[in-house]
Amino acid sequence: MDLGAITKYSALHAKPNGLILQYGTAGFRTKAEHLDHVMFRMGLLAVLRSKQTKSTIGVMVTASHNPEEDNGVKLVDPLGEMLAPSWEEHATCLANAEEQDMQRVLIDISEKEAVNLQQDAFVVIGRDTRPSSEKLSQSVIDGVTVLGGQFHDYGLLTTPQLHYMVYCRNTGGRYGKATIEGYYQKLSKAFVELTKQASCSGDEYRSLKVDCANGIGALKLREMEHYFSQGLSVQLFNDGSKGKLNHLCGADFVKSHQKPPQGMEIKSNERCCSFDGDADRIVYYYHDADGHFHLIDGDKIATLISSFLKELLVEIGESLNIGVVQTAYANGSSTRYLEEVMKVPVYCTKTGVKHLHHKAQEFDIGVYFEANGHGTALFSTAVEMKIKQSAEQLEDKKRKAAKMLENIIDLFNQAAGDAISDMLVIEAILALKGLTVQQWDALYTDLPNRQLKVQVADRRVISTTNAERQAVTPPGLQEAINDLVKKYKLSRAFVRPSGTEDVVRVYAEADSQESADHLAHEVSLAVFQLAGGIGERPQP
Ligand code: G16
């Protein structure tokens, strides 16, 4: 380690005095102007992690669903997963070290993690379309090079594409080719193979409107569309040509406001979807004949996918264990439907893909989705091998189902939730099953719900337990929520500090929209009073 060079370069990426940041739900996120030092230091950390794991590590510069002025960074571990928890702690220590302590912290991490500093390191970097991203990714590169790491800068990528690249590189190409072409070809080939089997391939199944949140998803979908156009034609909206990133559009806006994005004209019963700013989330929606808006969120996506996978397994004659993983935000109706109608075990974890992904790995087939549209399906290596064999050996009808499953496995991005990959999976399933968007929506009826945000002086005063469904601190808050919930039928509410924005999130559901709205508002007031609310009191 050339400590002199590190000190010299670090001074060029100096930390603002007193700024403390936390590696949160999906890495560091805050105003872009506060992140230069964090980027440089994450470049350093990625090199150490690469040396330790003897693998390629990814660094993604994005703040996903956050406003355009924000930015963020997260590290991607060898198999395309989120960074291991102990390294998240190192990331927080390194990002917050004052200049004079940087060297000591770097040495401490290397010693604690037994990093062989002589080992080579390789880091791949991707970034979203935010105006600040290019310069910030250059700071990551500075960090990588000053510690002697090699790197490949992929430039503009969706977050899940970077996860895919890391996974491919560390599995000797078995998962796919670590190029953007490789990604397009792998997914499109599987999609076209699947849709060829669909008996319902009329216009209704062939066209889809996509709101790209004015983000990277538009660029990448445009590059990719001709690869799969045989099976699907996409019409892009909010493609970044005029609007602001995530502003009044995108998956987070549509899900939290329960209304369509601006900039998209929707005819009745037309199938539409929205990506978020870095294309790792997707939600679907449509307007019915009476002009009512219907949202199909991550819970219904998980239901569609897991029921299709279950049907294929029955046809093949395999009894494998499928599990569905959700978070506290999952609509009560979805959990009930999965458990009682589909007879699939459902598990609840804390918010954050890393928690869901980890749990889903426990099953032969693990389907995980957050209600906000972030998710994918994971298949164990044994399952993948078994299905490949079945696709070659079984007799006709079973072989066809096994072949389908083989293609579905290829179509999922198993490294991370991926809006493009999920969109193609959903479109293929709808076409194969001959389901309209209304029929899909009718699987069950969501309980009316509402999500709100509350500003407090320090959101860390709220701590939770039981997969974030209960507040432990501040004292009295959970009791207040319990009392409020009792006032409404079929109701449930919880609060948790966001890991990506400086807010406390409030979720409530009940038997009517009015009740859900009231309950969410009352819980917001309780948070404001008991957890140090700042600014204006929450308004109904
Ligand atoms: C990130 C995480 C998601 C999480 C979301 C909101 O999404 O990857 O798992 O649901 O933040 O997290 P929080 O409620 O803690 O702010 P994205 O799409 O912004 O990367």
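Just follow the structure's listing: the first ligand is 1, and inside any ligand the first atom is 1.
- Near ligand 1, residues T25, A26, R29, S64, H65, D276, D280, R281, T351, G352, V353, E370, N372, H374, R496, S498, G499, T500, R505 each place a heavy atom inside the 4.0 Å sphere around the ligand atoms.
- Remark: E501 engages R505 in a salt bridge, criterion side-chain N to carboxylate O under 4.0 Å.
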Step by step, would you call V76 with M82 a side chain to side chain contact (heavy atoms under 4.5 Å, CB included)? CA-CA 5 Å; V76 178; M82 301 294 184; over 6 Å; no
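- Using a 30° and 60° split on the angle between ring planes, Y183 and Y164 fall in the perpendicular class, above 60°.
- A search for side chain to side chain donor-acceptor pair (under 3.5 Å) contacts involving D364 returns nothing, not counting sequence neighbours.
- Between Y444 and Y337, the ring planes are tilted. Angles from 30° to 60° get that label.
- Aromatic ring orientation, Y285 versus F293: tilted (interplanar angle from 30° to 60°).
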